Amino acid sequence: MNGRIDIVTIFPGYLAPLDLSLVGKARSEGVLDVGVHDLRDWTADRHRTVDDTPFGGGAGMVMRPDVWGTALDDVLLTEADSRTLVLPTPAGERFTQAMAEELALLVCAGGQIAFACGRYEGIDARVAEHYANRDDVTVREVSIGDYVLNGGEVAALVITEAVARLLPGVIGNPQSLVEESHGSAGLLEYPVYTKPPTWRDLDVPEVLRSGDHGRIGTWRRARAVERTARRRPDLLARHAPPRVREAKAID
Ligand SMILES: Nc1cc(-c2ccc3ccn(Cc4ccccn4)c3c2)[nH]n1
């Protein structure tokens with residue numbers, strides 16, 4: 001695997017968590033290359049200015065296209081197998097596990113994922129437009145949820161972690177990737193338990209201590225369906241077996 005992830009930001013310190021834990025270990029073991037870059041290194045003025053007032057008026061400032069263009073032209077690697085520019089934004093397509101898998105496959109194939117982390121009221125729209133017009137770059141404007149953050153760095157952390165953990169050698173036990181929520185089953189995860197068997201008068205469900213793996217599998221699936229129906233009925237509709245879907249179509 002010789003892909004890499006690059007993150008351009010005016011707050012490089014915000015990405016320090018990528019030095020820790022699984023992603024930090026993968027980096028130190030050469031499984032994944034991650035580069036964090038300070039956008040201000042590509043400014044040309046003594047004040048290292050990255051923003052300006054918005055055309056059309058309105059509150060706040062907008063990030064300048066010229067500084068971003070100079071930075072991204074440097075950071076986007078011609079030698080990578082592919083280049084995907086990810087622009088976190090409240091106005092983006094929703095980030096999902098499917099997108100994480102898509103991005104992980106690109107990195108596995110030697111591709112580069114480059115994040116442009118905006119601040120202020122966002123990045124001049126021509127930056128996304130310019131790179132989308134280039135046939136050697138794919139642009140994805142991505143939202144990590146229906147809430148507004150102050151910038152793109154947290155989104156870059158979320159997306160980087162979701163992608164990195166899918167890469168070979170990052171997670172110790174790849175089997176743990178198989179069963180989890182939003183995975184191939186499309187259901188939420190069942191509840192998990194460990195020792196002690198009784199804690200503050202609360203017992204671990206007897207079935208989990210029965211050693212009967214058939215019963216355990218059935219119980220876990222039932223709990224996953226129950227949880228999904230209660231907390232994320234939208235996922236259940238997608239997951240419903242064909243006969244239920246047909247019934248809905250008939251109603
Ligand atoms: N899922 C998401 C992503 C973001 C996000 C990503 C990048 C930027 C750059 C600036 N802001 C602040 C801001 C506030 C108001 C309108 C536009 N942008 C960002 C917010 N918020 N929520």
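Every value quoted in this text rests on a predicted model; they were computed, and no experiment measured them. The first residue in the sequence is number 1, and the count goes up from there. Values reported hereafter were calculated over all heavy atoms of this structure, with side chains retained and with hydrogens, waters and symmetry mates removed. Just so you know, ligand 1 is whichever comes first in the structure, and atom 1 is the first atom listed for that ligand.
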| Do Leu77 and Arg4 come within less than 4.5 Å of each other through their side chains, counting heavy atoms only? | yes

| With side chains defined as the heavy atoms from C-beta onward, is the minimum distance between Met61 and Thr53 less than 4.5 Å? | yes

| query | Applying a heavy-atom distance cut-off of 4.0 Å, which protein residues contact ligand 1? | reply | Pro88, Thr89, Pro90, Gly118, Arg119, Tyr120, Glu121, Gly122, Ser143, Ile144, Gly145, Tyr147, Val148, Leu149, Asn150, Gly151, Gly152

| Can you tell me how far the CG atom of Asn133 sits from the CZ atom of Arg126, to the nearest 0.5 Å? | 13.0 Å

| field | From Arg140 atom CZ to Thr89 atom OG1, the distance as rounded to the nearest 0.5 Å | value | 14.0 Å

| Taking the side chain from Arg40 and the backbone from Ile10, do they hold a donor-acceptor pair closer than 3.5 Å? |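 Absent.
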
| query | Taking only residues two or more places apart in sequence or in another chain, which ones pass side-chain contact (heavy atoms from CB on, under 4.5 Å) with Arg223? | reply |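 Partners of Arg223 by the side-chain contact (heavy atoms from CB on, under 4.5 Å) criterion, ordered by chain and then number, come out as Tyr190, Pro191, Trp219, Glu226.
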
